[in-house]
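First the proteins, then the strands, lettered A, B, ... as listed; each starts at 1. The basis for the numbers below is simple: all heavy atoms, side chains too, and nothing from hydrogens, waters or symmetry mates.
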Number of protein chains: 2
Amino acid sequence: MTEEKQLQCPMNLLMGSIGGKWKISLLWALKETKRFNELQKLFDGITQTMLTKQLRELERDGFVHREVYKQVPPKVEYSLTDMGTDFLPILYNMNDWGAKHFEELKSKG
Amino acid sequence: MTEEKQLQCPMNLLMGSIGGKWKISLLWALKETKRFNELQKLFDGITQTMLTKQLRELERDGFVHREVYKQVPPKVEYSLTDMGTDFLPILYNMNDWGAKHFEELKSKG
DNA sequence: GATCATAGTATCATAATTGATACTATATAC
DNA sequence: GTATATAGTATCAATTATGATACTATGATC
C-alpha cells in the first residue's frame, strides 16, 4: 500500500512495528524482564543475529527497554516500556484465543 | 524454536497462521465480505500473486471462507469463517491500540 | 596467561518473500 | 469476431529475511 495509506491506518502502522516473524512472540516472552541469554534459550530456533536485530527494532519502535549493566561478563536486560506494557492485554487475549482454538489451529496449519 | 515448543505454545501456533506480512491487515479488511478486486484496490502495494497466496493460506488455516460464484466474468467473495470472526474482537483492540498510540508509533517507526 | 561467560558484531550464504510480466478462461456487449 | 471484465496461474527476477560461522571485548577465576 502507499506510504500515505499506511500512515493513515492504525492497524498498518502497528503491524509495521510488530509484524516481524518473532516480534509478537518476543513481546509475549518479555511480559517478564529477561536477559538476552534467556531469550536465546527460549527461542531456540533464533540466531543471535536475528534476536539482536528484532530486539533493537522493538527498542527503536518504543516497545522494549534495553538496560545494560556495566559488568563483566556483560548483562543486558530487556523489558517492556510503558507502551509495550500497554500492549500486554492484547497479547493475553491472543494467547487465550490461541488456547481456545488450539486443536483447530493445529489441524489446519 | 523446535517443532515441539511451537506446538505447545498457543501464541506461536497462532503466529504461525497469521504471522505473514499481510495476514492481520487482510483479516481486518475482511471484517466486511470483499471481492478479490476490492482487496486488491485496498492494498495497492500487494501483487495479485501475493494476495492470492495470502488468502489461500488464510483459507487453509480456517480463518477465511472463499465463495466462488459461477459467473462470467468471475466473482469470488472472501469473508471470515466462524473462527476468523471470533478473532475480530482482538483486531478491534489492536486497531484501537494503534489509534491510541498513533503519534508515538509514527514518530518511532 | 589461559579459560570462561555474556552479549554482542561482521561477514557471507541461503531461503523466503515479494514483484514484474505475460498468459488463461469465458459470457456478454459492441 | 473483437474487446471487456474478473480472478486468477505461470514463470522468472529482485529484494528481504534469516541463518551459519567466526570473531571481539573484558573482568574474574584457576
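Between chain A and DNA chain D, the heavy-atom contact criterion of under 4.0 Å yields a 5' to 3' nucleotide range of D:dT18 to D:dG27.
A straight line from CG of A:L39 to P of C:dA7 spans 9 Å, rounded to a whole angstrom. In this structure, CD of A:E67 is placed 16 Å from C1' of C:dT6, rounded to the nearest angstrom.
Of the two residues contacting DNA chain C, namely B:Q48 and B:P73, the nearest-nucleotide position lying further toward the 5' end is that of B:Q48. If A:T49 and B:T49 are placed on DNA chain D by their nearest nucleotide, the residue sitting closer to the 5' end is B:T49.
Contacts with DNA chain C (heavy atom under 4.0 Å) in residues 28-37 of chain A: A:R35, A:F36, A:N37, listed by number. Near DNA chain D, meaning a heavy atom under 4.0 Å away, the residues from residues 50-57 of chain B are B:T52, B:R56.
Where the helix from C:dG1-D:dC30 to C:dC30-D:dG1 starts and where it ends, the local axes point in directions that differ by 20°; five pairs per end, rounded to 10°.
In this structure, B:L14 and A:N95 have side chains that are not in contact, with every pair of non-hydrogen atoms separated by 4.5 Å or more. At a threshold of 4.5 Å between non-hydrogen side-chain atoms, the residues A:Y78 and A:K34 do not count as touching. A:L105 places a side-chain heavy atom less than 4.5 Å from the side chain of B:S17.
Residues that satisfy the ring-ring contact (aromatic ring centres under 6.0 Å, His included) test with A:W97, not counting sequence neighbours, are A:H101, B:F63, B:F87. Applying the ring-ring contact (aromatic ring centres under 6.0 Å, His included) rule to A:H65 yields no partners; only residues at least two apart in sequence or on another chain are considered. Remark: A:N93 engages B:I90, B:N93 in a side-chain contact (heavy atoms from CB on, under 4.5 Å) (not counting sequence neighbours). B:K100 pairs by the salt bridge (charged side-chain N to carboxylate O under 4.0 Å, His left out) definition with A:D86, not counting sequence neighbours. Every side-chain contact (heavy atoms from CB on, under 4.5 Å) that B:N37 has, sequence neighbours left out, goes to B:Q40, B:K41.
Contact check on A:K106 versus A:E104 returns no salt bridge, with no Lys/Arg side-chain nitrogen under 4.0 Å from an Asp/Glu carboxylate oxygen.
Sequence neighbours left out, the pairs with a member in residues 70-79 of chain B that pass salt bridge (Lys or Arg N to Asp or Glu O under 4.0 Å) are B:K75-B:E77.
Listed here is the closest heavy atom pair of B:L39 and B:A29: CD2-CB, 4.1 Å.
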Result block: side-chain N/O donor-acceptor pairs under 3.5 angstrom for residues 48-58 of chain A, not counting sequence neighbours:
residue : atom : partner : partner atom : Å
A:T52   : OG1  : A:Q48   : O            : 2.9
A:E57   : OE1  : A:K23   : NZ           : 2.9

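B:Y78 comes within 4.0 angstrom of sugar-phosphate atoms only, judged by non-hydrogen atoms across all strands, and of no base.
With hydrogens and angles disregarded, a donor-acceptor distance shorter than 3.5 Å links the side chain of A:T81 to the backbone of A:G62.
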